[in-house]
Structure formats: structure tokens, C-alpha cells
Amino acid sequence: MNTQDYIALEEKYGAHNYHPLDVVIEKAGGVWVYDVEGNKYLDCLAAYSAVNQGHCHPRIVNALKEQAEKVTLTSRAFRNNQLPLLYKELCELTGFEMVLPMNSGAEAVETALKAARKWGYKVKGVKENKAEIIACTNNFAGRTITIISFSTEEQYKDGFGPLTPGFKIVEYGNAEDLKNAITENTVAFIVEPIQGEGGVVVPPDGYLKEAYEICKANNVLFIADEIQTGLGRTGKLFAFEHEGIKPDAITIGKALSGGLYPVSAVLSRKEVLGVFNPGDHGSTFGGNPLGAAVAREALKVLIDEDLINKSDRLGKYFINELKKIDSPHVKEVRGKGLFIGVELKDEAGGARRFCEALKEKGILAKETHENVIRFAPPLIIKKEEIDWALEHIREVLTMA
Ligand SMILES: *Cc1c(COP(=O)(O)O)cnc(C)c1O
């Protein structure tokens with residue numbers, strides 16, 4: 001079977017909820033992926049930052065294999081010997097007090113929203129069913145009905161109503177707007193430190209700190225959605241560290257498992273996650289020993305291979321070199337660490353054609369929104385590989 005055969009099958013039998021680039025990947029290792037025709041590509045998306053540690057990292061693959069031969073799923077009806085260790089290691093690494101494990105990122109966000117509401121009623125004293133949660137314009141937090149209820153992207157909501165009430169929207173990057181939106185019923189503000197799906201949008205310096213102070217002054221939980229920005233992507237363990245704050249809660253996912261398995265979590269204080277009692281919330285697969293063993297190793301790899309500092313160092317280099325490209329199409333290059341967006345001018349004809357041209361040269365990147373190309377390779381990438389990519393990116397960004 002060749003590329004076209006696989007695409008035909010996918011189009012025939014699968015729901016069309018994605019518009020992938022027409023490359024059919026068969027195997028991968030590190031920063032490289034290989035298609036069914038044997039072509040090799042540098043992965044500059046890293047599965048939306050889920051493979052920060054690189055594809056099929058040998059240590060993480062080994063942890064998966066070893067655990068798969070012991071026990072994979074106990075459900076939380078019984079305990080297992082991996083989850084407690086993941087809890088401890090996560091708390092020691094991050095400085096948070098408590099963990100609630102889930103699978104997908106969307107589930108972690110749902111969990112954080114549930115925790116915030118319950119905290120609002122049980123701790124803050126908000127009247128029943130009055131809790132409000134504030135989110136930002138251009139946010140992305142997943143695809144469940146509740147999460148899309150506070151999306152500002154019309155397509156994400158179209159046809160999926162009735163939506164979940166209880167959300168307010170403020171302008172991303174505008175702390176004053178947040179301040180004005182808070183009422184006595186506000187329980188939480190949820191924000192991405194850098195908006196990934198929104199187009200690698202970096203808010204003004206000081207915004208997160210100001211928003212955090214406003215939340216603190218009003219007894220509102222500041223929840224950072226670090227599912228994409230976390231675990232080294234922006235050159236810090238978490239992107240909130242760039243502003244020296246400590247959120248009341250964070251959501252993590254994606255790279256938590258190095259891309260081998262869906263593992264997500266909410267991290268917070270006892271006062272917040274302590275609102276859950278047995279039976280309040282759960283997930284059959286959440287906290288399973290296979291996921292926990294994989295996540296434990298994925299976190300160790302991040303530290304042992306110094307990937308956070310690498311992201312910082314190589315990200316600065318990559319961004320600077322991208323800025324030097326004299327392209328008629330580029331409006332702005334922005335980002336932190338190896339989380340980089342190249343925004344094109346409206347006249348450039350959309351980012352898609354540039355991503356397709358990059359693919360022809362052996363680089364996989366994906367447009368986000370119409371006009372942004374995201375460059376977010378695995379954090380294990382080498383400087384020589386970035387230099388190789390830059391050569392081709394230069395060619396593509398200077399084409400007609
Ligand atoms: C990807 C993402 C999510 C959702 O994660 P899924 O695993 O796709 O459900 C939530 N928030 C942010 C910021 C993300 O980038």
C-alpha cells in the first residue's frame with residue numbers, strides 16, 4: 001500500500017474532523033519521522049508538543065514495555081504501585097501539593113473546572129449554581145462540550161449547542177478587562193501562558209503577573225493551562241515561571257507521557273483538589289499503572305537530558321535566525337523557547353501552502369489558524385538540525 005491508498009481508506013472510513021498534511025507516517029525516532037514511501041522528515045510539530053522528549057524515546061519505550069508486562073490497568077477501585085510514585089515525583093519536581101490524574105488534556109481541564117466550581121461553593125462560599133469562570137478570547141482548552149462553551153472560535157461551537165453556561169470571556173493580554181469581569185461569584189480565571197492553538201500568541205510582558213495579582217486580591221483561582229506550554233516547551237519547566245508566579249492550579253498533559261500514552265493531570269493545593277471526595281469524580285483509565293510508569297520515565301528524561309535548558313538556548317537561537325530571514329511574507333516571528341510562531345501577512349495566501357512546501361523539503365510543520373506556521377520540534381533537537389531546517393525554511397519563506 002502506498003500513501004494514496006492509505007489516504008483513500010482514511011477518507012472513506014474515518015470521520016473528517018481533521019485536515020492533515022498528506023504524509024503517512026510509518027515510524028519515527030527522535031526528531032525524525034518516516035513515511036510509507038521511505039521519505040524522512042524533521043518533525044517540527046512534535047504532536048502539538050506531546051513528544052518533547054523525541055519520538056519513541058528508548059528509555060520511555062522501555063518503561064512502557066516493562067510495565068506492560070507487569071500490570072496495565074487496575075482501575076482506581078484498587079491501588080497500584082506506580083501512581084503513588086508518580087504523585088510524589090510530580091509534586092517534588094513542580095512544588096505543587098496534590099495531583100489528580102486523567103488521560104487527555106481536555107479531561108484535565110474539565111477536572112480543573114470542576115475543582116474550581118466546587119472550591120467556589122465549599123470554600124469561597126459562592127451561592128449554589130452561581131459560579132462563574134473567566135476565560136480568554138482566542139483560547140484553546142480542548143473539545144468537550146463544556147470546554148467549547150467558552151471558546152471564541154465559532155467553528156468549534158457551531159452545531160454543538162446547547163452550550164454549558166457559567167463562563168465569561170475577557171480579552172487575552174488585557175488585565176484591566178479581567179479585573180472588570182470579576183464578580184463575587186467568580187471562582188476561577190483559566191489562561192494559557194502562551195496561546196498555542198491560537199497561533200503561538202505571547203501576551204505582553206507582565207500580563208500574567210498582573211492577572212495573577214488581580215485573582216489573588218479577589219479570591220479567584222488562577223488556573224494556568226500548561227498542557228502545551230508546560231514541561232520544557234518554552235524554556236522553563238512551566239511557562240508561568242517566566243513571570244515568577246505560582247498559579248493556584250495548573251493542567252498538564254501532552255509531553256507528560258512523552259507522546260507514548262495519554263496521561264494528563266491537574267496539580268494544585270490541598271485546599272483546591274481536597275474538595276473532591278470519593279465518588280465525586282473519576283476515570284477508568286486515569287492514574288493507571290502503565291500511564292504512571294510512562295509519565296515517571298518521561299519526566300526523568302526531561303530532567304536527565306537537560307531538555308528545559310536546551311529548549312531555552314536553542315529556542316533563542318532558532319527565533320533569532322528566523323528573524324534574520326528577509327521574507328516578503330513574514331509579519332512577525334515570536335515565541336519562547338522552542339515554541340515558535342511565524343505569522344504571515346494576509347497577502348501571503350495562508351500558511352498551508354508554506355507547510356506543504358516545507359513538507360516537500362522534508363520538514364513537517366502545521367499551520368495554526370490561517371496565517372501562522374508553528375515551529376515546535378522535539379526538545380532533543382540539535383543545533384545542526386535546526387541549521388538544516390533553517391536553510392529550507394529560508395527557501396520556502398522567500399518563494400513567490
Ligand atoms: C492540546 C491542548 C488541550 C487539550 O488536550 P487534548 O489532549 O487534546 O484533549 C488543552 N489545552 C491546551 C492549552 C492544549 O494545547
Side-chain angles (χ1 to χ4, degrees), residues 15 17-18 20 45-52 100-116 133-153 156-157 160 164 167 169 172-173 188-203 208 211 222-234 236-240 242 247 249-267 283 285-288 291 294-295 298 335-341 366-369 372 374-376 379:
N17 58 326
Y18 275 91
L45 181 64
Y48 303 97
S49 298
V51 284
N52 286 358
L100 199 159
M102 296 297 280
N103 310 285
S104 68
E107 287 174 302
V109 172
E110 287 271 350
T111 301
L113 300 174
K114 285 174 85 173
I133 293 174
I134 299 175
C136 292
T137 50
N138 201 40
N139 72 76
F140 182 85
R143 299 294 201 154
T144 65
I145 286 181
T146 290
I147 291 172
I148 59 153
S149 297
F150 59 85
S151 175
T152 57
E153 195 68 36
Y156 294 178
K157 299 189 281 193
F160 301 127
T164 306
F167 296 98
I169 300 294
Y172 187 62
F189 171 57
I190 181 163
V191 63
E192 296 154 89
I194 294 176
Q195 291 182 326
E197 294 321 292
V200 193
V201 180
V202 183
L208 293 171
F222 182 101
I223 304 173
D225 182 348
E226 292 267 6
I227 290 169
Q228 191 159 163
T229 51
L231 304 174
R233 177 49 62 187
T234 72
K236 301 268 189 199
L237 178 60
F238 295 116
F240 65 72
H242 289 288
I250 67 171
T251 51
I252 57 175
K254 295 199 167 114
L256 181 54
S257 67
L260 272 79
Y261 197 87
V263 184
S264 68
V266 180
L267 308 185
S283 157
F285 278 82
N288 73 74
V294 165
K336 282 202 167 108
L338 283 166
F339 198 36
I340 303 169
K366 186 74 166 70
E367 75 274 12
T368 156
H369 276 207
V372 180
R374 169 173 29 195
F375 292 106
L379 308 182

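Atom set for the values below is all heavy atoms of this structure, side chains included, hydrogens, waters and symmetry mates excluded. When a ligand or atom number is given, it counts from 1 through the structure's own listing order.
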What protein heavy atom lies closest to atom 12 (C) of ligand 1? Include the residue and the distance to one decimal.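 Result for atom 12 (C) of ligand 1: D225 OD2, 3.4 Å.
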
Residue and atom name of the nearest protein heavy atom (relative to atom 5 (O) of ligand 1), distance in Å to one decimal: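 Answer, as residue, atom name and distance: G105 CA, 3.3 Å.
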
Out of curiosity, [X] [atom1] to [Y] [atom2], how far, rounded to the nearest 0.5 Å?
X	Y	atom1	atom2	answer
L231	K236	CG	NZ	15.0 Å
F160	S149	CZ	OG	11.5 Å
I190	N139	CD1	CG	8.0 Å

With a 4.0 Å cut-off, would you call E107 and K114 a salt bridge?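 Looking at K114 together with E107, the answer is no, because their closest N to O distance does not fall below 4.0 Å.
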
For E192 and ligand 1, does the shortest N/O to N/O distance drop below 3.5 Å?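 Between E192 and ligand 1 (N or O atoms, distance only) the closest approach is not under 3.5 Å.
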
Checking contacts here: is it the side chain or the backbone of K254 that comes within 4.0 Å of ligand 1, counting heavy atoms only? Could be both or neither.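 Within the 4.0 Å criterion, K254 contacts ligand 1 through side-chain atoms alone.
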
With a 4.0 Å heavy-atom cut-off (strictly under), which part of F140 contacts ligand 1: side chain, backbone, both or neither?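 The part of F140 near ligand 1 is both the backbone and the side chain.
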
For atom 4 (C) of ligand 1, the option (of A106, A108, S264) bearing the nearest heavy atom: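 Checking each option, the heavy atom nearest atom 4 (C) of ligand 1 is found in A106.
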
Should the ring pair F167 and F150 be called parallel, tilted or perpendicular, given that the plane angle runs from 0 to 90° and is split at 30 and 60?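 The rings of F167 and F150 sit tilted, inter-plane angle from 30° to 60°.
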
Does I340 offer a backbone N or O that forms a donor-acceptor pair with the side chain of R374 under 3.5 Å?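 Between the backbone of I340 and the side chain of R374 there is no qualifying donor-acceptor contact (under 3.5 Å).
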
Residue pairs passing the side chain to side chain donor-acceptor pair (under 3.5 Å) test where at least one lies in residues 251-260, sequence neighbours excluded: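 Applying side chain to side chain donor-acceptor pair (under 3.5 Å) to every pair that reaches into residues 251-260, excluding sequence neighbours, yields D225-T251.
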
For atom 8 (O) of ligand 1, decide whether some protein heavy-atom distance is shorter than 4.0 Å.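 It does not; no protein heavy atom is within 4.0 Å.
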
List every atom of ligand 1 that sits less than 4.0 Å from any heavy atom of I227, numbering the atoms from 1 in the order shown and giving each element.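 Those atoms are 2 (C), 3 (C), 10 (C), 11 (N), 12 (C), 14 (C).
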
Mark up the atoms of ligand 1 that fall under 4.0 Å of a heavy atom belonging to A141, in ascending order.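 What qualifies from ligand 1 is 10 (C), 11 (N).
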
